[in-house]
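The first residue of the sequence shown is numbered 1, and numbering continues consecutively from there. What you are looking at is a predicted structure, and each value in this text was computed from that prediction instead of being measured.
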Amino acid sequence: MQMPEPNPTILSLKPRLVTRLTSVLPKDAVIHEISETRAYECDALSAYRCPPLIVVLPSTTREVSDILKICYEEGVPVVPRGSGTSLAGGALPTADCVILGVARMNEIIEVDYDNRIIRVQTGRTNLSITGAVEDEDFFYAPDPSSQLACAIAGNIAMNSGGAHCLKYGVTTNNLLGVTMVQMDGTIVELGGAHLDSGGYDLLGLICGSEGQLGVVTEATLRILRKPEGARPVLMGYESNEVAGEVVSDIIKAGVLPVAIEFMDRPCIEACEAFAKAGYPICDALLIIEVEGSEEEIDMQLGLIKQIAAKHDPIEIREAADADEASRIWLGRKSAFGAMGQINDYMCLDGTIPVSSLPYVLRRIGEMSKNYGLNVANVFHAGDGNMHPLILFDANKPGDLETCEAFGADILKLCVEVGGCLTGEHGVGIEKRDLMSHQYTRDDIEAQMAVKDVFDPNWLLNPAKVFPLEDSESRRMHTMAAE
């Protein structure tokens with residue numbers, strides 16, 4: 001994956017930058033020794049690495065503003081970083097950038113149960129939001145698999161979803177307002193503790209913008225009352241295609257489970273060995289969860305099981321109690337880690353129409369044979385958000401490149417059936433050069449024009465989202481104009 005060459009002028013500024021940054025931050029919040037910056041050389045797309053010039057760890061919005069103002073004046077690129085769990089290389093540094101990590105910004109600012117909101121600093125982890133309000137029977141709905149570690153900042157940047165987004169939506173559906181710092185240090189407030197705000201929907205623009213427009217330091221989030229009850233059911237099938245047909249039929253029937261998750265045999269076996277969840281060993285497994293009162297749960301599961309039975313399942317099993325339900329979800333939430341114990345892999349993130357699931361799964365199987373690389377499938381089947389895991393050997397010359405080519409073909413397939421390149425992981429560096437496969441030249445120009453407004457010098461999160469040739473051309477043009 002190509003990255004821009006470091007600017008030697010910026011590299012020579014390092015001593016001055018360290019001095020200026022330590023004038024506005026505590027000494028331990030400025031990391032500049034190479035042995036320490038290596039901890040930030042990659043995110044969860046660990047196949048690509050580059051130590052940054054400097055790392056800064058602010059604790060307040062004012063400190064973020066001071067950092068950005070200095071970097072703006074010096075013409076230094078800035079890469080915002082949450083917890084570094086991005087699977088698309090969204091927080092990959094360049095050698096001449098400052099990493100701005102928000103991990104120390106983890107305070108709860110306000111909780112308002114009457115109006116069902118919580119305001120937090122964005123370094124706070126996803127799962128800890130629910131942890132802060134669950135004693136009052138509330139929860140925060142978006143639940144990415146990395147929710148134990150991922151930061152709200154990254155969730156906003158990538159518009160993250162999770163297993164339960166079929167019913168509750170993704171981050172943008174649960175985000176009410178943000179405090180954001182622009183590249184020149186200007187602090188702006190967008191949205192707030194209310195249902196909607198007048199004027200342009202700038203909040204909708206910021207959520208999913210991948211750190212291209214500003215650094216979000218605080219967020220107002222919607223919290224919800226916990227449901228009366230919930231129950232998952234396991235369904236095993238003899239093939240991926242049949243399981244895909246079941247998902248399509250459930251959605252067409254108008255039933256709305258809170259989650260429909262899919263795993264194929266390689267993933268089932270890895271997760272069962274890791275979590276001992278009691279999964280049936282079969283070629284395809286669906287985890288379907290419904291919630292509500294006991295009567296509602298029984299009614300919904302009755303309809304779902306009727307649909308499932310038409311496709312000759314190997315097994316249908318409801319969770320008998322809360323402990324079994326917890327183990328079922330532990331297995332699913334552990335999928336990426338479980339697969340990582342047995343093989344190197346690259347996790348993709350394409351979205352397709354649910355009706356196309358059987359066809360796309362069949363084509364992925366055919367491509368797997370053509371490329372000579374195995375695939376484990378685990379994804380949010382209810383909304384068509386696929387996460388194929390392409391297995392490869394990082395120590396085998398050429399395997400990574402073959403994996404990348406295979407992944408590109410899968411993502412192109414998603415677009416060709418009416419889907420898109422990403423559902424929740426973002427574009428990052430992984431998909432930036434595929435953007436022209438989904439968008440026309442005019443579409444890409446329009447998106448870059450938005451960045452021109454918020455970040456005219458193209459200093460925020462360089463080499464991400466847009467095709468590298470386009471973003472570098474834009475950045476060099478602004479440098480020449482200066």
Closest heavy-atom pair, I250 versus I288, reported as atoms and distance to 0.1 Å, is CD1-CD1, 3.5 Å
| Does K305 reach the main-chain N or O of I316 with its side chain, forming a donor-acceptor pair under 3.5 Å? | no
- Evaluate the side-chain proximity of V215 to L460: yes if any heavy-atom separation is below 4.5 Å, no if none is. yes
The single option from E291, E318, E289 that satisfies salt bridge (charged side-chain N to carboxylate O under 4.0 Å, His left out) with R231 is E318
Under 3.5 Å donor-acceptor, Q212 side chain and N461 backbone: yes
Other residues, nucleotides and ligands only: do more than 12 of their heavy atoms fall within 6.0 Å of CZ on R116?
no
> Taking the side chain as C-beta and beyond, is there a heavy-atom pair between I364 and I410 under 4.5 Å?
Replying inline: yes
Heavy-atom nearest pair, A149 first then T85, reads CB-CG2, 4.2 Å
Is the CD atom of E238 crowded by more than 12 outside heavy atoms at less than 6.0 Å? no
If you apply the rule salt bridge (Lys or Arg N to Asp or Glu O under 4.0 Å), what do you find for R124 with E107, and how did you get there? CA-CA 7 Å; R124 194 163 184 97; E107 296 296 320; over 6 Å; no
The side chain to side chain contact (heavy atoms under 4.5 Å, CB included) partner of P388 among D264, V375, L411 is V375
Quiz item: Would you call R265 and E269 a salt bridge, using N to O less than 4.0 angstrom?
Solution: yes
Distance col, row D137:CG vs K226:NZ, nearest 0.5 angstrom, shows 6.0 Å
Between L421 and E430, is any pair of side-chain heavy atoms under 4.5 Å apart?
-> no
Measuring only between side-chain heavy atoms, which start at C-beta, is L213 closer than 4.5 Å to D455?
no
(request) Would you check if the side chain of N155 reaches a backbone N or O of I152 as a donor-acceptor pair within less than 3.5 Å? (result) no
All heavy atoms of P144 vs all of K333, minimum pair found to be O-NZ, 3.7 Å
Side-chain contact test, heavy atoms from C-beta onward, threshold under 4.5 Å: evaluate it for M158 versus E424 and give yes or no. no
ask   = Step by step, would you call L286 with L234 a side-chain contact (heavy atoms from CB on, under 4.5 Å)?
value = CA-CA 6 Å; L286 297 176; L234 298 175; over 6 Å; no
Show the numbers, then the answer: is there a salt bridge (Lys or Arg N to Asp or Glu O under 4.0 Å) between E41 and R49? CA-CA 5 Å; E41 68 182 1; R49 300 168 182 266; 3.1 Å; yes
| Yes or no on salt bridge (Lys or Arg N to Asp or Glu O under 4.0 Å) for K464 and E210, after CA distance, side-chain angles and deciding distance? | CA-CA 8 Å; K464 315 295 188 340; E210 304 196 28; over 6 Å; no
Note: Q121 and M105 closest approach over all heavy atoms is CB-O, 3.1 Å
Looking at E469, is its backbone amide N or carbonyl O close enough to the side chain of E472 to form a donor-acceptor pair, meaning the two atoms are under 3.5 Å apart? no
Answer yes or no: does atom CG of L148 have more than 12 heavy-atom neighbours from other residues, nucleotides or ligands under 6.0 Å?
no
Original post:
When you look at D383 and K167, which way does the salt bridge (Lys or Arg N to Asp or Glu O under 4.0 Å) test go after all the steps?
Top reply: CA-CA 10 Å; D383 63 348; K167 180 174 182 178; over 6 Å; no
Has S86 got a side-chain atom pairing as donor or acceptor with D43's backbone, closer than 3.5 angstrom? no
OG of S356 to CG of L413, rounded to nearest 0.5 Å, is 8.5 Å
Interatomic distance, CE@M235 vs CD1@I304, rounded to 0.5 Å, equals 6.0 Å
Check your understanding: Taking the six-membered ring for Trp, is the centroid-to-centroid distance between F392 and Y345 below 6.0 Å?
Key -> no
The reported gap from OG in S355 to CD in E245 (rounded to nearest 0.5 angstrom) is 12.0 Å
- Query: Between K431 and T422, is there a donor-acceptor pair closer than 3.5 Å when you use the side chain of the first and the backbone of the second?
  - Reply: no
Looking at S334 and G337, would you say the former's side chain and the latter's main chain have a donor-acceptor pair under 3.5 Å? no
Taking side chain as C-beta onward, heavy atoms only, is P4 less than 4.5 Å from L468? yes
Test item: T171 side-chain N/O and S160 main-chain N/O as donor-acceptor pair under 3.5 Å
yes
Under 3.5 Å, side chain of T402 to main-chain N/O of G398, donor-acceptor pair present?
yes
Check: Do T179 and R119 pass the side chain to side chain donor-acceptor pair (under 3.5 Å) test, and can you show the C-alpha distance, the side-chain angles, and the key distance before you say yes or no?
Finding: CA-CA 10 Å; T179 300; R119 187 172 177 86; 2.6 Å; yes
| request: For the pair N385 and D349, evaluate side chain to side chain donor-acceptor pair (under 3.5 Å) and give the outcome as yes or no after the intermediate values. | output: CA-CA 7 Å; N385 188 186; D349 169 49; 2.8 Å; yes
Would you kindly say whether D409 and Y371 are connected by a side-chain donor-acceptor distance under 3.5 Å?
yes
Under 3.5 Å, side chain of T440 to main-chain N/O of D443, donor-acceptor pair present? yes
Which of I156, L203, V216 passes side chain to side chain contact (heavy atoms under 4.5 Å, CB included) with M180? It is V216
Using a strict threshold of under 4.0 Å (side-chain N to carboxylate O), is an ion pair present between R362 and E241? no
query: With a 4.5 Å limit on heavy-atom distance, are the side chains of E315 and C282 in contact?
result: no
To the nearest 0.5 Å, atom CD1 of I117 lies from atom CG of D112 at 4.5 Å
Beyond-backbone contact of M346 with L400, side-chain heavy atoms, under 4.5 angstrom
yes
### Query
So, do Y168 and Y140 have ring centers that fall under 6.0 Å from each other?
no
Report task. Verify side-chain contact (heavy atoms from CB on, under 4.5 Å) between L166 and V258, making sure each step is shown before the conclusion. Result -> CA-CA 6 Å; L166 177 60; V258 69; over 6 Å; no
#### Entry: Test side-chain contact (heavy atoms from CB on, under 4.5 Å) applied to S146 and F336, step by step
CA-CA 9 Å; S146 58; F336 293 170; over 6 Å; no
Between M448 and D470, is the side-chain contact (heavy atoms from CB on, under 4.5 Å) condition met? List the steps. CA-CA 9 Å; M448 292 195 298; D470 289 326; 3.8 Å; yes
Can you confirm whether the side chains of D323 and S326 place a donor and an acceptor under 3.5 Å from each other? no
On a heavy-atom basis, the closest approach of E272 and G278 is OE1-N, 2.9 Å
Check: Would the H387 and H425 ring centres measure less than 6.0 Å apart?
Finding: yes
For I268 and P280, the nearest pair of non-hydrogen atoms, with its separation, is CG2-O, 3.6 Å
In this structure, CG of D433 is separated from CZ of F466 (nearest 0.5 Å) by 12.5 Å
